[in-house]
Amino acid sequence: MQFFTTMQEGRREGPDLRRWGRVVWRRKWLLLGVVVAIPAAVYLGSSLLPKTYESSTTLYVQPTSVSSTLFSNQLDVATSDAGEAATLIETTVVARRAARVLGQSPSTARELLGHVSVTSTNVAEPQNHFLTIAAQASSPIQAARIANAFATAVAVTRTVNAVRGIGKTLATLESQAGETGDRAAHQALAQQLQNLRGLRASQKGTTPVVEPAAPSRNPISPKPLRNAAIALFLALLIAAGLAALLDRLDRRLQEVDELEELAGAPLLGVVPFAAFPGNPPGPHVRESFQTLRAGLTYFNVDRALPTVMV
């Protein structure tokens, strides 16, 4: 039982952290369940998702070129640089070779391309580029095999293309060698032919593997811990909003402060249930009546109490 008077006291403006703490404490089990259940569900759900592993290999791409001049005719032979090699890796030509390296049907080329990405480094150096081929798969071993297969396939493709281009130039120069009667020009042409044959023989080493792909120990996705941490942050926000919403919807009076706010009057005293018949006596009954008597006596020293609410 509570007693109030209509004499009003000054009230503090702004949020009451203690009242907010009491609201949270009343809903503690529900809010704790929200904070625990949401991150746990996200962690469990993420752990059950299929795992994806990634492995990468690094290639050193060396562009080579040769120029041959005869009778004012300029003949240029050039292999692709790193930028063209990066584009070449993402073609079905290389993918079909990679499929054959993996022992798969060439018809799986487009599917394999969906597992591969290429990045270029050291782009400021035009003559020496590094390419990184990254492959993703549901198995760490398979991811490493795909990356290494594409590295092998692009090296073979660049060699085949370069040798084919040099072969065409050789055929052109050899046909010109039979037409010229100038001894000096013939010797120069012979030197060019010798250079081209040497260049053709050296094409196999233009795309060496700097670092082969190895199976990864940890998957790149999913990441249960990261997802659970994000879910925990969101769960805290949900719990805070839920506590405020439930407190707003609950019209029951839970605290004495709520009665003071509703009545617009300060509290003079509280009589415990132990003071009423049928309840076991308590140690604070006498003290509560003494407090109430003192409030009623001294609260109206300079004025009468027009109203007392029980």
Side-chain angles (χ1 to χ4, degrees), residues 1-54 136 138 216-292 294-295 299 307-310:
M1 180 180 294
Q2 293 85 26
F3 292 82
F4 300 86
T5 75
T6 56
M7 176 178 282
Q8 297 193 5
E9 298 178 340
R11 300 185 179 278
R12 292 176 297 177
E13 299 295 334
D16 189 342
L17 295 181
R18 289 180 300 177
R19 182 177 182 277
W20 176 255
R22 292 193 296 269
V23 170
V24 172
W25 182 253
R26 285 201 301 267
R27 314 287 181 181
K28 58 183 180 296
W29 298 116
L30 175 61
L31 301 182
L32 182 62
V34 171
V35 172
V36 173
I38 292 179
V42 171
Y43 181 87
L44 181 61
S46 298
S47 301
L48 297 177
L49 291 175
K51 293 180 174 57
T52 301
Y53 295 85
E54 182 178 84
Q136 298 180 1
S138 58
S216 176
R217 294 183 179 180
N218 301 317
I220 61 171
S221 67
K223 296 183 177 180
L225 289 178
R226 183 196 63 182
N227 297 341
I230 296 174
L232 176 60
F233 175 75
L234 296 177
L236 291 174
L237 296 180
I238 294 173
L242 185 61
L245 178 62
L246 292 177
D247 182 63
R248 176 77 63 172
L249 296 177
D250 189 359
R251 308 307 299 170
R252 295 175 297 175
L253 297 177
Q254 304 285 350
E255 303 287 343
V256 174
D257 294 344
E258 297 176 359
L259 285 172
E260 286 186 293
E261 183 178 354
L262 181 64
L267 177 70
L268 293 181
V270 178
V271 177
F273 287 106
F276 296 91
N279 296 312
H284 303 294
V285 173
R286 179 180 298 274
E287 180 183 351
S288 65
F289 279 103
Q290 289 176 348
T291 302
L292 177 60
F299 204 82
T307 303
V308 175
M309 179 184 293
V310 179

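No hydrogens, no waters, no symmetry mates; every other heavy atom, side chains included, goes into these values.
- Val271 and Phe289 get closest at one heavy-atom pair: CG1-CZ, 3.8 Å.
- Between Ala235 and Val34, the shortest heavy-atom contact is CB-O, 3.9 Å.
- Residues passing the side chain to side chain donor-acceptor pair (under 3.5 Å) test with Ser46, sequence neighbours excluded: Asn227.
- Scanning both residues, Leu31 and Ala239, for their nearest heavy atoms gives CD2-O, 3.4 Å.
- With a 4.5 Å cut-off on side-chain heavy atoms, Pro50 and Ser138 do not count as touching.
- Taking the side chain as every heavy atom from C-beta outward, Ser288 and Val270 never approach each other to under 4.5 Å.
- Heavy-atom minimum distance, Pro39 versus Leu232: CG-CA, 3.6 Å.
- A 4.5 Å side-chain heavy-atom check between Ser221 and Lys51 finds every atom pair outside the cut-off.
- Across all their heavy atoms, Tyr43 and Ala228 have their closest contact at CB-CB, 4.0 Å.
- In this structure, the side chains of Leu234 and Ile38 stay at 4.5 Å or more apart for every pair of heavy atoms.
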